[in-house]
Amino acid sequence: MTGEAAFIAALRKIVRHPGARGLLDDAAVIAPPIGRELVITHDIIAEGIHFLPGDPPGDVAWKLLAVNLSDLAAKGAKPIGVVLGYTLAGDSEWDEAFVAGLGRALDHFGVALLGGDTIAVAPSTPRTLGLTAFGEAAAPVPDRRGAQAGDILWVCGMIGDAGLGLRIALGEIGGPRRLLKAYRLPMPKICEGRALAPWAHAMADVSDGLLIDAARIADASGLAVTVDLDSIPLSPEAVVFGDDRATRLTAATAGDDYALLFAAPPASNDPIIALGVGAVAIGRFNAGSGLSVCDKNGPVPLPSSLGYQHGN
């Protein structure tokens, strides 16, 4: 595979949706479902920031798709299709492995490739890859702004696994492959998001860290939020590395978990548990502003960083 034409020819082999027009046109054409909301999201991942230079290209393709689908999951949306933005850096083997991995990921999640664009960069230039995902959801679509005073803060998914997986990938620690997969091959909670959306006043995915994403919901909703550090769910594999205050703070600020974080009224506790999606209550929204953290020993001083922020 060499150059843009060869790369697009390879992508045509994984195209499934007729609206993509075989990637032979400048635009895709899709008809939104009647009576549904169209949900659109776009994420960029950069080499050396969101993935490591030595990460397998197929895993990078999976992650690029998964982080976008996670945004759709937080809206309770069913994915429709995606368009790809890709940098060609003169490494045909990497490109071939990426396309193969993207095809596997698209098939796994039942999502269509609808189109995109490529740009050539100098060899060895760090890759920057973008994806726009489209989904459809029933109204009202939850967002960060809808939390209400008295709502319970819930999380659906384990926290801290991806942070440990990154350390394994960097060679800092040893650990089970499941933690490495949590970092390289995140699983967006699409079905869980669709089940939770009717109950959630506000919902977002945990991409930059549980504490910073909880604070963002509170800020967008004009409220204060308190997080109970002891209630944050850690996997058995993560607990092996520790279960004290410092370890839990590290997990809550690590990011890349792609769990779902949502606000729901206390009256919905039983229905949410009955959904069987593994959601755990970890805090509460109240009148006021800001984030506070506590555990069984009382108030917890906030760490210097609540999570990942670009430019910091």
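Along the sequence shown, residues carry numbers from 1.
Pro233 is listed as a side-chain neighbour of Val155, based on a closest heavy-atom distance under 4.5 Å. The shortest distance between side-chain heavy atoms of Leu153 and Val227 falls below 4.5 Å. Counting heavy atoms from C-beta outward, Val225 and Asn286 have side chains that stay 4.5 Å or more apart. Leu210 is listed as a side-chain neighbour of Ile282, based on a closest heavy-atom distance under 4.5 Å.
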Inset, instruction - Please report the C-alpha distance between Leu129 and Phe98 in whole Å, then the side-chain angles of each, then the deciding distance to 0.1 Å, and finally whether the side-chain contact (heavy atoms from CB on, under 4.5 Å) criterion is met. - result: CA-CA 11 Å; Leu129 310 171; Phe98 178 91; 3.8 Å; yes
Inset, instruction - Take Leu261 and Ile217, measure what side-chain contact (heavy atoms from CB on, under 4.5 Å) needs, and give me the verdict at the end. - result: CA-CA 9 Å; Leu261 196 61; Ile217 294 176; 4.2 Å; yes
Legend entry - Lys75/Asp143 under side-chain contact (heavy atoms from CB on, under 4.5 Å): CA gap, chis, key distance, verdict: CA-CA 7 Å; Lys75 306 302 128 197; Asp143 66 20; 4.1 Å; yes
Legend entry - Test log, rule side-chain contact (heavy atoms from CB on, under 4.5 Å), inputs Phe109 and Leu69: CA-CA 9 Å; Phe109 293 111; Leu69 297 187; 3.6 Å; yes
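Listed for the Ser305 side chain is a donor-acceptor partner under 3.5 Å among the backbone atoms of Gly307. In terms of modelled atom types and a separation under 3.5 Å, the side chain of His42 and the main chain of Leu131 share a donor-acceptor contact. Ser221 places a side-chain N or O within donor-acceptor distance of the main-chain N or O of Arg144, the cut-off being under 3.5 Å. Under the 3.5 Å distance criterion, the side-chain polar atoms of Asp257 are left unmatched by any main-chain donor or acceptor of Ala259. Judged by distance alone, with hydrogens and angles left aside, the side-chain atoms of Asp228 form no donor-acceptor pair with the main-chain N or O of Asp295 at under 3.5 Å. Checking side-chain atoms of Ser268 against main-chain N and O of Pro271 turns up no donor-acceptor pair under 3.5 Å. Thr253 contributes a side-chain N or O that, together with a main-chain N or O of Leu249, makes up a donor-acceptor pair within less than 3.5 Å.
From Ile159, atom CD1 reaches atom CG of Leu229 across 11.5 Å, with rounding to the nearest 0.5 Å. Here Ser292 contributes atom OG and Leu211 contributes atom CG; the two are 10.5 Å apart, rounded to the nearest 0.5 Å. Separating the OG1 atom in Thr87 from the CD atom in Glu47 is a distance of 8.5 Å, to the nearest 0.5 Å. With rounding to the nearest 0.5 angstrom, the CD1 atom of Ile49 is 11.0 Å from the CD1 atom of Ile45. Interatomic distance, NZ of Lys189 versus CG of Leu260, reported as 7.0 Å (0.5 Å rounding). For the atom pair CZ of Arg127 and CG of Leu64, the computed distance is 13.0 Å after rounding to the nearest 0.5 Å.
Taking the ring centre of Tyr183 as origin, the terminal cationic atom of Lys63 falls inside the region bounded by 6.0 Å and 45° from the ring axis.
A salt bridge between Asp243 and Arg248 is present, with a side-chain N of the basic residue lying under 4.0 Å from a carboxylate O of the acidic one. Under a 4.0 Å N-O distance rule, the pair Asp213/Arg216 qualifies as a salt bridge.
In the hydrophobic cluster analysis, where Ile, Leu, Val, Met, Phe, Trp and Tyr join through side-chain heavy atoms closer than 4.5 angstrom, Val280 is grouped together with Ile232. Hydrophobic cluster membership is shared by Val82 and Leu72, with clusters built from Ile, Leu, Val, Met, Phe, Trp and Tyr side chains linked at under 4.5 angstrom. Residues Val239 and Leu164 do not share a hydrophobic cluster, clusters being chains of Ile/Leu/Val/Met/Phe/Trp/Tyr side chains in contact below 4.5 Å. Residues Leu223 and Met203 do not share a hydrophobic cluster, clusters being chains of Ile/Leu/Val/Met/Phe/Trp/Tyr side chains in contact below 4.5 Å. Neither Leu234 nor Leu179 shares a network with the other; the hydrophobic side chains, linked directly or stepwise wherever heavy atoms of I, L, V, M, F, W or Y lie under 4.5 Å apart, form separate groups for each.
Side chains of Ser92 and Asp95: no donor on one and acceptor on the other come within 3.5 Å.
Within the structure, the salt bridge (Lys or Arg N to Asp or Glu O under 4.0 Å) test picks out the following pairs touching residues 151-166 (sequence neighbours left out): Asp161-Arg178.
Among Asn68, Val111, Leu106, the one residue that satisfies the side chain to side chain contact (heavy atoms under 4.5 Å, CB included) test with Pro79 is Val111.
For His108, the ring-ring contact (aromatic ring centres under 6.0 Å, His included) criterion is met by Trp62, not counting sequence neighbours.
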